[in-house]
Amino acid sequence: MEVEKYFDAKKIESKWYNYWMTNKFFFSKPNEKKPFTIVIPPPNVTGILHMGHMLNNTIQDILIRKARLDGFNACWVPGTDHASIATEAKVVNKLKEKGIKKDDLTREQFLEHSWDWTEKHGGLILKQLKKLGCSCDWNRTKFTLDKDMSESVIKVFIELHKKGLIYRGHRMVNWDPEARTTLSNEEVIFDEVETKIFYISYKILNSSEEIQVATTRPETIFGDTAIAFNPDDKRYLKFLGKKAIIPILNKEIPIIMDSQVDLEFGTGCLKITPAHSENDKLIGERHKLEIVDILNDDGSLNELNLQYSGLDRFDARNKIVKELSSIGALKKSEPYTTKIGKSERTNCIIEPRLSKQWFLKMKKISEPALSSVMNDEIKFFPKKFKNTFRNWMENIRDWNISRQLWWGHRLPVYYYGPEKDNYIVAENIDNALELVNQKKGYELLKKEDLVQDNDVLDTWFSSWLWPISVFDGIRNPKNKDFNYYYPTNDLVTGPDILFFWVARMIISGHEFKKSIPFNSVYFTGLVRDKLGRKMSKQLGNSPDALKLIDKFGADSVRVGLLFSAPAGNDLLFDESLCQQGKNFSNKIWNSLRLLKSWKVSEKLKECESSAIASKWFDSKFNLKLIEIEDHFKKYRISDALITIYKLIWEDYCSWYLEMVKPNYSEQIDYVTFNNTLQYFKKCLKILHPFMPFLTEEIWSLIKEKKDSPLIVSNWPETKPFDIKCLDNFKHIKKVITNIRKFRNENSYSFSKKLEIVTKSNFNNKFSGIVLKLTNTHVESKKNKTPNNKNSIIVDSKEYFVLNSFESKDDKTKIRQELDYNIGFLKSIQAKLNNKKFISNAPQNVVINEQKKEKDTLEKIRILESKLSE
RNA sequence: GGGCGCUUAGCUCAGUUGGUUCAGAGCACUUGGUUUACACCCAAGGGGUCGGGGGUUCGAAUCCCUCAGCGCCCACCA
């Protein structure tokens, strides 16, 4: 049968994906087999596929396909995340383009726009995953705002509230003035920025003296409620108990002492603004200071700020500095480098701000999670993240779970009473009403008397339940799916969401199911460009994922990504790696062409060299298979791939096929042909998780009737290998390599004949394989012969010892080994002058492990004498 | 400031409990090669005081100390 010269990935990818889908090979239902489960880290619903997704999902697909071949009931649950703040920010922008402000809309109208957006852009990324070949169970696709998922979230909130773990508190939070919501600490990114530090003096009441403070935020002076210095700071003792006057505002504030003030920094005096700094708030609490919030939600100054009311905080800063300067209160300003927190999503500078928010107590519920990671019940790959994890868990803070947004799960909290300052937590308004009425026992309330909290939950408050809720394990803890698939096996994700997501899933697993949510976590690295830079839009160094697939084929891109993706290390991606993948595809494709071109003869006998080669490859395969399994066990996916890559390219193609392939116009014996076919099939099986399309295509061209499609075939069994056979072949290879080397170095052309003769026991010292050169003029170049002490020139013109043994130890054994090699070489000899075989012509010289052996013996001797002393 | 990690060939990285898989892989590089599976190829080859210094040991890339450089996480000074 004619097979096309080049492998065309494009032609076959959709064919096979459709085939797998129609035959429901990705779909999983509980059965008698053992489950193997992965839940996808749900990408943002409006996201598009980027390199990070490609890497992450390729790895998941490899694990799932491997498990499927291993005979597990493999289930990979896909889905998307509503991504509360990220999506809302996008919708707000979209509306802005249309000239619509969020404030002009009702909550319901805004949500309609958001759902619109979600329907238009959502799920695109899942389609893109299909292009990559991901074998997800698409019937199980979930979205964090699905009805059942939302109900689970609400149920969990209520449960935690009942346990007393959720509380409402007036706390210092990170305020994003653009999105006008709070953020958790994890959502704030600190960047170093060049700014200025201002030295401002405050007059002392009834005195001509002044007290000076240093601040980077002069616009907050109207929120000052004290000035503090360190008790050890003698300079300011005289001011203790006196009052300072805030410039411009002319308000009197106390001067206090607090050991938290750093006497080295600035002037040693600190203005205290309890409403806008965590630190100041703590000092404020100790001294019972007034709290003055000077900001509006959008970051502008509020009505307490005199003529500056309504100005944006940064405009106000400039103007206030100007005025301070004009009245002589500004003593100096200096350049200053500090770190400023920005919102991860809107990139807006964060305001620390006191605000009433909902929190989840973390300390207690995180304890079992910490220990399950530390004792390796959940394994982290690579291990180093255990420490990072511990560090965070041991210093865990309460989780701010409320957000002043509309897109998300609205808090199931209902306020009532004349001031609406009582609240009840309930599944819905009807429940709430019932509960309140039961509670009060008098004057029944109506629905209208209840007001639901406007806030939504942090987006991670739904995704922390993901491994449980995708199987509906919160609402129906006894359901079949949940009990079958949970806990899941592997989680594959980036270390950037270790705290956001991974840690919290482990916590929720323990809290709600008294078990771990997954057994292993594989942390992928960041995909960078080949210069090591992060991929970014500005640099334009982020390749379009789909274009790559289009150009090289999905298989090649998958392989290209993995060629440099050790777990947890960032990987430097370069398109050329995809090219390498494509070349690999072509190499395999060509072995198919070779096999297909053979004419098989039932009559021909298997020749000696083919028999030896087959036996060797069998052992080699089994040896490598054990290595590959080990790599998988340790989640060294790239190493597994590289091992397979070398096994196929080097061992199967370059050595094995070259040795057994018949000479031009000759036929191949059936035994050998069948061996090559069976080994080829085994190679396809182990490569399938990495290159699913190519392998399935080739499989379909060589499979026998009894074979199932590759995707649902079986991973080869691990079998023992013959170490002696491998050793022997190693010698043979070395001999051949050295003969080739000899040819190369001596420009001994292929047209010149080489003859191998055997000889043993000459000099009573060495046995060896001897290469006889005929028709040659090597004497002038004899010094270029193998630079190995044990290769000796027996005859300056004709003989080289290719392999030598010390015969004193085990003559028989050595003789056997020698005979084996010689027998093999003899069989190759016949092919030496065949043109067909030229490129791989088995030729030349030397093995020597003698020196090492001697060293080792010496070492052992020393050790022994030491021990006996 | 607290915690963690890294430094091995030109590049990206393996190297498990110190010693026969210990100096490795892939890519890149050099040289030679194409009428017969494959130039998207074949063959051969050259590259490393294992960041510096010191120590433990019969023996160190591997363990300890120290110095230098790089990176990550957390907290944060106004």
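By convention in this document, chain letters (A, B, ...) are assigned in the order of the sequence lines, proteins followed by strands, and residues within each chain are numbered from 1.
Looking at A:Ile588, A:Leu595, A:Ile12 one by one, the single match for side-chain contact (heavy atoms from CB on, under 4.5 Å) with A:Ile698 turns out to be A:Ile588.
In this structure, A:Leu572 reaches the sugar-phosphate backbone alone: every heavy-atom distance under 4.0 Å involves primed, P, OP1 or OP2 atoms, never a base. Within the nucleic acid shown, A:Phe499 comes within 4.0 Å of sugar-phosphate atoms alone, with no base atom in reach, counting heavy atoms only. A:Ser591 comes within 4.0 angstrom of a nucleotide base, judged by non-hydrogen atoms across all strands. Using a 4.0 Å heavy-atom distance criterion, A:Lys646 is classed as a sugar-phosphate-only contact. Among the protein residues, A:Tyr336 comes within range of the sugar-phosphate backbone only, with heavy atoms under 4.0 Å from sugar or phosphate atoms but none that close to a base. Note on A:Ser576: nothing from the nucleic acid sits closer than 4.0 angstrom, heavy atoms only. Residue A:Gln580 is classed as a sugar-phosphate contact, given heavy-atom separations below 4.0 Å to backbone atoms only. A:Glu650 comes within contact range of the sugar-phosphate backbone alone, with a heavy-atom separation under 4.0 Å but no base atom that close.
Nucleotides B:rG71 and B:rG24 place their C1' atoms 25 Å apart, quoted to the nearest Å. With both ends at atom C1', the span from B:rC11 to B:rC73 equals 28 Å, rounded to whole Å. Of the P atoms belonging to B:rG59 and B:rC42, the separation is 46 Å, rounded to the nearest Å. One P atom belongs to B:rA9, the other to B:rG47, and the distance between them is 15 Å to the nearest Å. Taking atom C1' in both B:rA23 and B:rA14, one finds a spacing of 12 Å when rounded to whole Å. The same atom, C1', is picked in B:rC50 and in B:rU62; the two are 10 Å apart, to the nearest Å. The C1' atoms of B:rG15 and B:rA61 are separated by 8 Å, rounded to the nearest whole Å. Here the separation of B:rU17 from B:rC27, taken at their C1' atoms, is 32 Å to the nearest Å.
Side-chain to base pairing of A:Lys587 with B:rC38: one donor and one acceptor N or O lie within less than 3.5 Å of each other. With hydrogens and angles ignored, a donor-acceptor pair closer than 3.5 Å exists between the side chain of A:Glu658 and the base of B:rA37.
Inter-residue side-chain proximity for A:Tyr6 and A:Asn590 is flagged as unmet; no heavy-atom pair is nearer than 4.5 Å. With contacts defined as side-chain heavy-atom distances shorter than 4.5 Å, the pair A:Phe380/A:Val373 qualifies.
Rounded to whole Å, the distance from CG on A:Leu594 to P on B:rC42 is 13 Å. Distance CD1 (A:Ile698) to C1' (B:rC38): 12 Å, rounded to an integer number of Å. Here B:rA78 presents its C1' atom at 15 Å from CG of A:Leu289, a figure rounded to the nearest Å. Following rounding to the nearest Å, A:Glu627 (CD) and B:rG26 (P) show an atom-to-atom distance of 13 Å. Separating the CG atom of A:Leu562 from the P atom of B:rU12 is a distance of 19 Å, rounded to the nearest angstrom. Atom CZ in A:Phe584 sits roughly 12 Å away from atom P in B:rC41 (whole-Å rounding). As a whole-Å value, the separation of A:Phe198 CZ from B:rC77 C1' is 17 Å.
Taken together, the paired segments of RNA chain B that extend over three or more consecutive Watson-Crick or G-U pairs, each closer than 3.5 Å at both contacts, are B:1-7 with B:68-74, B:10-13 with B:24-27, B:29-33 with B:41-45, B:51-55 with B:63-67.
When the ring-ring contact (aromatic ring centres under 6.0 Å, His included) test is applied to A:Tyr645, the partners found at least two apart in sequence or on another chain are A:Phe563, A:Phe584, A:Trp649. Contacts of A:Gln579 classified as side-chain contact (heavy atoms from CB on, under 4.5 Å), with partners at least two apart in sequence or in another chain: A:Phe552, A:Lys582, A:Asn583. Contacts of A:Ala503 classified as side-chain contact (heavy atoms from CB on, under 4.5 Å), with partners at least two apart in sequence or in another chain: A:Phe389, A:Trp392, A:Met393. In this view, A:Phe7 and A:Trp589 satisfy the ring-ring contact (aromatic ring centres under 6.0 Å, His included) rule, not counting sequence neighbours. Residues satisfying the side-chain contact (heavy atoms from CB on, under 4.5 Å) test with A:Asn622, not counting sequence neighbours, are A:Asp618, A:Lys682, A:Lys719, A:Phe721. Every residue two or more places apart in sequence or in another chain that forms a side-chain contact (heavy atoms from CB on, under 4.5 Å) with A:Glu334 is listed here: A:Ile197, A:Tyr199, A:Lys332. Partners of A:Glu194 under the side-chain hydrogen bond (donor to acceptor under 3.5 Å, both in side chains) rule, at least two apart in sequence or in another chain, are A:Thr337. Residues forming a side-chain hydrogen bond (donor to acceptor under 3.5 Å, both in side chains) with A:Asp555 (at least two apart in sequence, or on another chain): none. With sequence neighbours excluded, no residue forms a salt bridge (Lys or Arg N to Asp or Glu O under 4.0 Å) with A:Asp550.
When distances are taken from the side chain of A:Lys5 to each of B:rC40, B:rA14, B:rA39, the shortest belongs to B:rA39. Nearest to the side chain of A:Arg397, among B:rA75, B:rA14, B:rC38, sits B:rA75. Distance from the side chain of A:Tyr6 is smallest for B:rA39 among the nucleotides B:rA37, B:rA39, B:rC77. Considering only the side chain of A:Phe190, B:rC76 comes nearest among B:rC42, B:rC77, B:rC76.
In this structure, A:Trp649 does not reach the B:rC41 phosphate: none of its side-chain N or O atoms is under 4.0 Å from OP1 or OP2. Between A:Tyr199 and B:rA78 there is no side-chain polar atom (N or O) within less than 4.0 angstrom of OP1 or OP2. The shortest distance between the side-chain N/O atoms of A:Tyr645 and the OP1/OP2 oxygens of B:rC27 is below 4.0 Å.
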Kindly give the atom pairs (protein nitrogen or oxygen, nucleotide nitrogen or oxygen) under 3.5 Å for nucleotides 1-3 of chain B.
unit_1: B:rG3; atom_1: O4'; unit_2: A:Asn391; atom_2: ND2; d: 3.4
unit_1: B:rG3; atom_1: O2'; unit_2: A:Asn391; atom_2: ND2; d: 3.1

Sub-3.5 Å pairs of nitrogen or oxygen atoms, protein against nucleotides 61-63 of chain B:
none

- Determine, step by step, whether A:Lys271 and A:Thr220 satisfy the side-chain hydrogen bond (donor to acceptor under 3.5 Å, both in side chains) criterion, reporting the C-alpha distance in whole Å, the side-chain angles of both residues, the deciding distance to 0.1 Å, and the verdict. CA-CA 9 Å; A:Lys271 70 188 211 50; A:Thr220 62; 2.6 Å; yes

- Given side-chain hydrogen bond (donor to acceptor under 3.5 Å, both in side chains), test A:Asp224 with A:Tyr202 step by step and report yes or no. CA-CA 11 Å; A:Asp224 291 352; A:Tyr202 292 55; 2.4 Å; yes

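B:rG71 takes the anti form, because its glycosidic angle lies more than 90° either side of 0. B:rU31: glycosidic angle beyond 90° from 0, hence anti.
If A:Asn185 and A:Leu270 are placed on RNA chain B by their nearest nucleotide, the residue sitting closer to the 5' end is A:Asn185.
When atom types are taken as modelled, the side chain of A:His276 and the backbone of A:Lys281 share no donor-acceptor pair closer than 3.5 angstrom.
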